[in-house]
Amino acid sequence: MLFSEVTSEETYIVTGYESGAVGINQVGYTRSLIVRPNALQQDWPVDSVDALAVEHLQPVIDHPPEVLLIGTGEVQRFPDRAVWRHLRREGFGVEIMDTAAACRTYNLIMAEGREVAAALIIDGGDRA
């Protein structure tokens, strides 16, 4: 599913999503990642919300956005309570949703000119 076309090589836009893959600037990724308008962290080592720990989100915590979106895969699932409590104390907005919704929401918030980060768990796909 195509969300939008790339309008700038300097900005990371989610251009599509399907089960097991997300498109960033029309390049498909099958491994979890963190995307911001000006940065892309590929091969983020989280393959399920159960595996998510605070240290996995340290790059976001070190340079906090206004809003952090966590896409939890095919369905919305909340991370461990300790992770959730830690994030709520950080002082930025945190939204937990399925990865498809996180992809759509990332583009909307970015289009508003707000600082956003999306930590997208991609379940399924090629993990080789």
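FYI, side chains are in, hydrogens and waters are out, and symmetry mates aren't considered; it's all heavy atoms of this structure. Residue numbers run from 1 in the order of the sequence given.
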Give the C-alpha distance, both sets of side-chain angles, the deciding distance and a yes or no for side-chain hydrogen bond (donor to acceptor under 3.5 Å, both in side chains) between S19 and E74.
CA-CA 7 Å; S19 180; E74 293 291 315; 3.0 Å; yes
- Query: Same cluster or not: are V27 and V35 linked, directly or through other Ile, Leu, Val, Met, Phe, Trp or Tyr residues, by side-chain heavy atoms under 4.5 angstrom apart?
  - Reply: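 Yes, V27 connects to V35 through the hydrophobic network.
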message: If hydrophobic clusters are built from ILVMFWY residues whose side chains come within less than 4.5 Å, do L57 and F78 share one?
response: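 Same cluster.
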Atom pairs and distances, side-chain donor-acceptor, residues 109-122, under 3.5 Å, sequence neighbours left out:
| unit_1 | atom_1 | unit_2 | atom_2 | d |
| --- | --- | --- | --- | --- |
| E112 | OE1 | R114 | NH1 | 3.1 |
| R114 | NE | E66 | OE1 | 3.2 |
| E115 | OE2 | R36 | NH1 | 3.3 |

**Request:** Start with the C-alpha gap between I34 and V60, add the side-chain angles, then the distance that decides, and say whether side-chain contact (heavy atoms from CB on, under 4.5 Å) holds.
**Result:** CA-CA 9 Å; I34 297 176; V60 175; 4.0 Å; yes
Taking the side chain as every heavy atom from C-beta outward, state whether [X] and [Y] have any atom pair closer than 4.5 Å.
X   : Y   : result
I24 : T15 : no
F92 : V67 : no
I13 : N25 : yes
I61 : V54 : yes

Between [atom1] of [X] and [atom2] of [Y], what distance do you get to the nearest 0.5 Å?
X    : Y    : atom1 : atom2 : value
L108 : C103 : CG    : SG    : 11.5 Å
D80  : L52  : CG    : CG    : 9.0 Å
Q42  : S32  : CD    : OG    : 12.5 Å

Checklist entry - Is a side-chain donor or acceptor of D123 paired with a backbone partner of D47 at a separation under 3.5 angstrom? => result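 No, the answer is negative, given that no donor and acceptor are paired below the 3.5 Å cut-off.
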Checklist line | Test item: D98 side-chain N/O and G73 main-chain N/O as donor-acceptor pair under 3.5 Å | finding: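 No.
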Partner residues of D50 under the side-chain contact (heavy atoms from CB on, under 4.5 Å) criterion, sequence neighbours left out:
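Listed in chain order: S48, R77.
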Can you give each donor-acceptor pair under 3.5 Å made by side-chain atoms of residues 82-91, sequence neighbours left out, with the distance rounded to 0.1 Å?
| unit_1 | atom_1 | unit_2 | atom_2 | d |
| --- | --- | --- | --- | --- |
| H86 | NE2 | E90 | OE2 | 3.1 |

Grab the two heavy atoms, one from [X] and one from [Y], that are nearest each other, plus how far apart they are.
X    : Y    : answer
V14  : N107 : O-ND2, 2.7 Å
A51  : V46  : C-CG1, 4.5 Å
A102 : L69  : O-CD1, 3.6 Å

Checklist entry - Looking only at side chains, do E95 and T105 share a donor and an acceptor under 3.5 Å apart? => result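 No donor-acceptor contact under 3.5 Å links the two side chains.
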Margin query: Run the side-chain contact (heavy atoms from CB on, under 4.5 Å) test on W44 and R31 for me, step by step, so that the C-alpha distance in whole Å, both residues' side-chain angles and the decisive distance to 0.1 Å come before the verdict.
Written below: CA-CA 7 Å; W44 185 47; R31 299 183 64 95; over 6 Å; no
Partners of E55 by side-chain hydrogen bond (donor to acceptor under 3.5 Å, both in side chains), sequence neighbours excluded?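 Checked E55 against side-chain hydrogen bond (donor to acceptor under 3.5 Å, both in side chains); zero matches.
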Dump the intermediate steps for side-chain contact (heavy atoms from CB on, under 4.5 Å) on L33 and Q41, then the final yes or no.
CA-CA 6 Å; L33 53 86; Q41 178 186 341; 5.9 Å; no
Exercise for the section: For side-chain contact (heavy atoms from CB on, under 4.5 Å), just list the numbers for N38 and Y12, CA-CA rounded to whole Å, side-chain angles, deciding distance to a tenth of an Å, and then say yes or no. Expected result: CA-CA 6 Å; N38 61 352; Y12 292 100; 5.7 Å; no
